[in-house]
Protein chains: 2
Amino acid sequence: MSNAWQEVVLAGTRTGGRIGDRDIVDKVRRAVLMQRLPPGTKLPEVTLGDVFGVSRSVVRKALTRLASEHVVDQRPNQVARVRAPSIAETRETFHARRLVEGEVASLLAGQLAADALTALGAEVEGEARAHARSDEPARIEHSLAIHHLLAEHSPNRVLGAMLTDLVLRTSIVIALYKRRGLASCYLEGDHTALLAALEGGEPEAARRCIHDHLHGLEALLDLRSRETPIDLMAILGSSDAAGQTPG
Amino acid sequence: MSNAWQEVVLAGTRTGGRIGDRDIVDKVRRAVLMQRLPPGTKLPEVTLGDVFGVSRSVVRKALTRLASEHVVDQRPNQVARVRAPSIAETRETFHARRLVEGEVASLLAGQLAADALTALGAEVEGEARAHARSDEPARIEHSLAIHHLLAEHSPNRVLGAMLTDLVLRTSIVIALYKRRGLASCYLEGDHTALLAALEGGEPEAARRCIHDHLHGLEALLDLRSRETPIDLMAILGSSDAAGQTPG
DNA sequence: TTGCCAATCTTTGTATACAATAATTCCGCT
DNA sequence: AGCGGAATTATTGTATACAAAGATTGGCAA
């Protein structure tokens with residue numbers, strides 16, 4: 001059990017500024033996203049409190065927020081754990097994201113200001129270069145930035161917020177279910193095509209780009225229905241939190 | 001101000017069973033929905049704690065959850081207040097709900113089990129009868145039940161949860177922006193047509209029913225842009241405006 | 001050995017005390 | 001009166017203490 005994930009979570013915590021629940025949320029979310037906190041990892045309140053140098057009150061608030069973001073699983077009288085979405089939920093999340101992000105993209109087509117387009121272009125280019133030099137963490141960072149920009153610039157803020165949530169959730173399940181041996185989930189040209197559709201003011205083309213992109217992404221996952229880790233753990237009595245070896 | 005909203009919130013609280021944060025969330029949400037807690041109402045933690053007989057810890061948790069549900073506005077170091085969505089957000093919420101609920105309805109067409117259909121039919125009938133006897137609270141109750149059933153039975157649970165959230169938010173803004181003098185927001189036959197489309201297994205018809213229904217609902221609101229306080233701030237902030245400020 | 005139960009320990013749930021910050025009030029001044 | 005501005009009050013933020021519920025461990029018996 002000597003996981004020592006505490007140090008991982010704390011990586012790069014700026015000393016000096018007082019730590020609030022927001023900082024904890026950001027750090028944990030990021031750690032989960034970067035797959036440094038694998039699903040099922042227990043997150044006891046006192047431990048997190050020690051790591052961040054705050055008391056349980058702050059940690060509890062952070063955990064509640066993380067639970068509402070679907071990042072952790074918080075059950076009464078039990079230790080909070082990093083959530084492990086099931087295969088079914090993964091498919092459903094992709095479906096929902098296609099719907100929402102497709103709509104946002106179609107709304108955005110031809111409506112983006114010049115600076116927004118250049119920012120988007122920079123991220124697309126950055127992603128391509130990161131992929132070229134096989135820097136997967138950086139590539140993921142750029143990819144997230146692209147979709148986060150879409151969410152931010154959505155003229156419909158409600159849809160934008162929903163998209164932010166869905167991007168987070170799909171990122172988590174991608175990390176979870178990525179095919180073994182697959183170095184990257186980069187899809188050549190997808191984002192470039194999207195950018196072109198947005199710049200060219202073609203709503204339906206933009207929507208189609210999003211749909212294709214997300215279908216492609218989903219196809220890169222290993223979604224065969226060996227039943228969900230959660231179910232197994234529940235059945236077995238959840239005595240073991242660490243890695244579940246298949247077969 | 002002697003508002004005495006405390007008694008309103010507590011209406012029908014069963015004594016005996018221990019009160020948890022969930023109970024508070026449900027009660028406050030319901031009170032907001034039923035317009036017994038108007039937007040802007042302050043919800044101090046100690047007061048709520050006294051009302052429900054629990055300490056601030058529990059109340060804080062409940063308020064955090066309500067904030068994540070967009071029911072209350074929680075800003076640092078300030079009293080939580082019942083949220084008052086802007087007109088722009090109202091339009092955006094309706095747009096989002098059309099998108100999501102339309103998709104859910106299309107997924108559900110021809111897929112609902114017999115008992116679900118009868119339950120749905122009962123609610124549709126109940127709504128019609130409540131409208132006939134001008135019992136608006138009961139009518140709202142039935143209408144909520146209809147859409148809640150759709151969300152519950154959604155084969156896509158992610159979309160279902162999103163729909164639940166959007167139904168809540170639209171209900172709040174309907175209560176907020178309903179045209180004065182309008183006794184009810186009942187739209188004759190809308191739900192019946194939806195039920196027929198669902199039963200008949202016509203996905204696109206079901207989606208269209210939802211779209212029409214929500215457009216109709218939105219049209220019943222008074223969404224003229226008497227502008228938000230933000231404009232005032234902008235005027236007072238910029239020095240070049242044609243000065244009507246005295247002295 | 002295996003299974004079960006009790007004791008122990010860990011972890012969360014709740015209440016409360018104190019600190020920090022925003023809102024209010026009241027007073028003196030113009 | 002009208003208007004700052006400081007003292008006061010109200011309210012939230014954080015930490016901590018204790019209670020309650022799970023999880024773990026060890027021993028005992030079949």
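Chain letters run A, B, ... following the sequence lines, proteins first, then strands; residues in each count from 1.
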message = Suppose we call a contact any N or O donor and acceptor under 3.5 Å apart; does that hold for the side chain of A:Arg75 and the base of D:dG22?
response = no
note = Taken to the nearest whole Å, CD/B:Gln74 to C1'/D:dG13 is 11 Å
key: Integer-rounded Å distance: D:dT14 P and A:Lys61 NZ   = 7 Å
note = Here the distance between atom P of D:dG13 and atom CD1 of A:Ile19, to the nearest Å, is 18 Å
request  = Give the rounded distance in Å between these two atoms: CG of A:Asp50 and C1' of D:dA15.
outcome  = 13 Å
query = What is the distance from NZ of A:Lys42 to P of D:dG22, rounded to the nearest Å?
reply = 15 Å
key: Divergence of helical axes at both termini of the helix from C:dT1-D:dA30 to C:dT30-D:dA1 - five pairs an end, 10° steps   = 10°
ask   = Does A:Ser55 put a side-chain nitrogen or oxygen below 4.0 Å from OP1 or OP2 of D:dA15?
value = yes
SB check B:Arg169 B:Asp165 (cutoff 4.0 Å) = yes
B:Arg139 atom CZ, neighbour heavy-atom count above 12 within 6.0 Å = yes
ask   = Quick one: B:Asp21 CG to C:dT12 P, roughly how many Å, whole number?
value = 16 Å
query = So, are A:Glu69 and A:Arg29 salt-bridged, with charged N and O less than 4.0 Å apart?
reply = yes
ask   = Should the pair B:Glu218-B:Arg97 be classified as a salt bridge under the 4.0 Å nitrogen-to-oxygen rule?
value = no
ask   = Taking atom C1' of D:dA21 as reference, at what distance in whole Å does atom CD of A:Glu45 sit?
value = 13 Å
message = So which atom in A:Val158 and which in B:Ala96 form the shortest heavy-atom distance, rounded to 0.1 Å?
response = CG1-CB, 3.9 Å
ask   = Taking OP1 and OP2 of C:dT16, is either one under 4.0 Å from a side-chain nitrogen or oxygen of B:Arg56?
value = no
key: Residue mapping more 5' on DNA chain D - nearest nucleotide basis, B:Leu63 or A:Val54   = B:Leu63
request  = Give the rounded distance in Å between these two atoms: CZ of B:Arg60 and P of C:dT16.
outcome  = 16 Å
ask   = Is the shortest heavy-atom distance from the side chain of B:Arg180 to the side chain of B:Asp222 under 4.5 Å?
value = no
ask   = Does the distance from a Lys or Arg side-chain N to an Asp or Glu carboxylate O, for A:Glu89 and A:Arg83, drop under 4.0 Å?
value = yes
task = Please check the phosphate of D:dT12 (OP1 and OP2 only) for any side-chain N or O of B:Gln78 closer than 4.0 Å.
result = no
query = Which comes earlier along DNA chain C counting from the 5' end, the contact point of A:Ala80 or that of A:Ser57, where each point is its nearest nucleotide?
reply = A:Ala80
